[in-house]
Amino acid sequence: MIKIFNTLSKKKEVLKPIHGDHVGIYVCGMTVYDYCHMGHARVLVMFDIISRHLRRNFKSVNYVRNITDIDDKIIKRAVENNEDISTLTERFIVAMHEDEVALGNLEPDIEPRATDSIDQMLYMIKSLIDKGIAYQGHNGDIYYSVRNFDNYGKLSGKNLDELEAGARVDVESDKKDPLDFVLWKMAKPNEPKWSSPWGDGRPGWHIECSAMSTHHLGNNFDIHGGGSDLTFPHHENEIAQSEGANECSFVNTWMHLGFVNLDNEKMSKSLNNFFTIRTVLENYDGETLRYFIMSSHYRSPLNFSDESLENAKTALTRLYTSIRGINASDAAMDQVSMRFDFESRFNAALDDDFNTPIALSILFEVAKLVNTERKKDEDQAGALAQLLIKLGGYLGILKSIPEEYLQQGSRISDEEIEEKIKQREEARIKKDFNLSDQIRDELAQIGIVLEDSSTGTSWRKA
RNA sequence: GGCUGGGUAGCAAAGCGGUUAUGCAGGGGCCUGCAAAGCCUUAUAGACCGGUUCGACUCCGGUCCCAGCCUCCA
């Protein structure tokens with residue numbers, strides 16, 4: 001039984017899929033005119049973890065995440081760069097997928113692009129016009145009439161009259177109501193355009209998600225997610241469009257992620273205080289980033305800092321260290337899983353609104369037991385290690401060979417390190433501890449940590 | 001101003017009306033030539049003020065503070 005906090009009801013609710021054992025989930029993806037930043041990383045990683053958990057609990061899951069490849073910012077950036085829009089968007093789509101691989105994500109089932117979905121949008125706009133909920137302004141643009149949709153504001157808890165009071169004066173007051181929003185924009189010279197019954201133009205931002213989500217998942221589907229900043233107006237407008245056009249309930253469960261903060265302030269494009277994923281990857285591996293993202297609950301703010309990344313790195317190192325040098329084995333894993341309640345508690349944590357911090361805490365419990373068992377009962381330690389790898393896998397971590405993970409990115413070759421270790425070993429045999437400690441210090445200087453044990457000396461990256 | 005969230009130990013971050021969160025850092029110990037890693041052990045919480053209760057960090061009310069949305073943003 002999976003419970004999810006629904007923004008619509010502001011409560012945790014049991015997920016009851018509309019179509020038996022099948023779950024449809026749509027996530028608002030990227031507008032591809034720049035590299036993804038850490039806020040995007042959170043959406044990418046969290047919904048990957050969410051979809052993995054759903055797949056383990058339901059027979060089938062259709063995870064749709066769109067790509068916005070036409071909008072004002074893209075046009076603006078293409079002009080600035082003096083490049084084709086499609087060249088620009090293709091470049092950043094490739095970059096996004098590279099980032100995603102680094103973060104250890106699985107691919108969504110479908111990644112529809114706005115520019116491939118124009119027909120569905122036109123169909124929906126036409127339907128809205130036919131129903132009298134949309135109209136054409138004097139400039140030719142098609143607008144959605146918020147006053148003609150009864151439930152406007154139900155997701156964000158906003159009230160039309162209060163919004164009205166705070167509304168800014170619209171320069172193009174071609175709208176009947178300042179809160180009306182564009183469904184279709186008439187093309188300006190040198191802008192990309194598609195033909196429509198109302199004239200050549202391009203879609204407004206909100207209509208694409210209504211069209212693509214319902215096209216792939218049906219007029220009423222299970223889960224729709226995105227960052228909290230999309231709650232209003234984007235998701236509110238999606239509801240207005242979809243429910244207005246289809247005359248049925250749109251989304252059952254709305255999920256919104258908290259922000260990634262920098263110095264207690266939202267990381268965002270407009271504040272220009274963001275770090276791109278690839279910048280962070282220069283100093284930390286993708287798995288550390290992934291761990292960092294899941295170390296707080298998805299609805300809480302996630303504070304980005306060197307300290308928290310270091311924390312994530314250390315924590316992950318502890319997990320990998322526990323399974324290092326152990327013969328992880330499936331053989332006894334099931335018995336071990338039965339004997340201890342790690343797996344059931346782990347699943348229960350994720351069932352409860354995808355509580356990744358609790359799930360991670362259970363990983364550490366397993367790791368500790370691996371560490372205590374490895375000298376007592378090797379088989380049991382191996383089975384526990386296998387369990388740890390399995391549970392980590394559910395979150396998309398602990399997939400690497402421990403040795404490789406712990407040694408990755410060292411500045412000198414493995415051979416050189418092994419040579420130094422050999423020299424140090426010889427010095428130790430001769431009890432020349434000055435020399436042996438000197439060698440260890442030298443390696444420490446370049447970030448190589450040595451660890452002696454009864455079976456020999458191993459090394460890892462600091 | 002309206003609407004949302006939130007304030008937990010040195011830091012990060014969860015659950016929970018009465019019983020160990022977890023990771024890092026700190027103290028003591030074991031192990032080690034010494035370390036590191038690991039293990040054992042230990043200290044440090046719940047913004048403030050009231051209320052409900054046998055009992056509240058957890059429920060209710062108020063105060064203060066912080067963030068977010070109300071304009072493009074994941």
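Naming convention: chains lettered A, B, ... in sequence-line order (proteins, then strands); numbering from 1 in each chain.
Side chain A/Arg440 to base B/rA35: a donor-acceptor pair is found below 3.5 Å. A donor and an acceptor atom sit less than 3.5 Å apart, one in the side chain of A/Asp452 and one in the base of B/rC34. The base of B/rC72 sits within donor-acceptor range of the side chain of A/Lys73, with an N or O pair under 3.5 Å.
Under the Watson-Crick or G-U wobble criterion, with both distances below 3.5 Å, B/rC24 is paired with B/rG10. Checking B/rC54 for Watson-Crick or G-U wobble geometry (two distances, each under 3.5 Å) identifies B/rG18 as its partner. Across every strand in view, B/rG38 sits in a pair with B/rC30 that passes the Watson-Crick or G-U test at under 3.5 angstrom. Here B/rG5 sits opposite B/rC66 as a Watson-Crick or G-U wobble pair (both hydrogen-bonding atom distances under 3.5 Å).
Lacking a ring centre under 5.5 Å from that of the base six-membered ring together with a plane angle below 30°, A/Phe259 does not count as stacked on B/rA74.
The phosphate of B/rC73 (OP1 or OP2) has a side-chain N or O of A/Trp205 nearer than 4.0 angstrom. The phosphate of B/rG23 (OP1 or OP2) has no side-chain N or O of A/Asn311 nearer than 4.0 angstrom. Note on A/Lys368: a side-chain N or O is less than 4.0 Å away from OP1 or OP2 of B/rC40. Within the structure, every side-chain polar atom (N or O) of A/Arg65 is placed at least 4.0 Å from both OP1 and OP2 of B/rA74. OP1 or OP2 of B/rA14 sits under 4.0 Å from a side-chain N or O of A/Ser300. Residue A/Lys266 places at least one side-chain N or O under 4.0 Å from the OP1 or OP2 atom of B/rC69. OP1 or OP2 of B/rG23 lies within a sub-4.0 Å distance of a side-chain N or O belonging to A/Arg318.
With rounding to whole Å, A/Ile50 atom CD1 is found 17 Å from B/rA74 atom P. Spacing between atom CD of A/Glu451 and atom C1' of B/rG38 amounts to 9 Å, rounded to whole angstrom units. Counting to the nearest Å, the P atom of B/rC72 and the CG atom of A/Leu230 are 11 Å from each other. Atom pair A/Met30:CE and B/rC72:C1' shows a separation of 16 Å (rounding to whole Å applied). Between the C1' atom of B/rC24 and the CG atom of A/Leu316 lies a distance of 14 Å, rounded to the nearest Å. The CG atom of A/Asp306 sits 14 Å away from the C1' atom of B/rA12 (whole-angstrom rounding). Following rounding to the nearest Å, A/Glu310 (CD) and B/rC11 (P) show an atom-to-atom distance of 18 Å.
Judged purely by distance below 3.5 Å, without hydrogens or angles, the side chains of A/Asn272 and A/Ser270 never pair a donor atom with an acceptor atom. Checking A/His235 against A/His256 by side-chain atom types alone, a donor-acceptor pair falls below 3.5 Å.
On the P atoms, B/rG17 is 16 Å away from B/rG6, given to the nearest whole Å. Here the separation of B/rA9 from B/rU52, taken at their P atoms, is 28 Å to the nearest Å.
The residues A/Glu365 and A/Arg345 are annotated as salt-bridged, a charged nitrogen and a carboxylate oxygen being separated by less than 4.0 angstrom.
No engagement by A/Arg374 is indicated, since no non-hydrogen atom pair under 4.0 Å with the nucleic acid exists.
Counting heavy atoms from C-beta on, the side chains of A/Thr214 and A/Tyr26 never come closer than 4.5 Å. When side chains are defined from C-beta on, A/Tyr320 counts as touching A/Glu287, because their heavy atoms get closer than 4.5 Å.
Between the SG atom of A/Cys209 and the CD1 atom of A/Ile239 there is a distance of 12.5 Å, given to the nearest 0.5 Å.
Looking at which nucleotide of RNA chain B each of A/Lys10 and A/Lys269 is closest to, the 5′-most match is held by A/Lys10.
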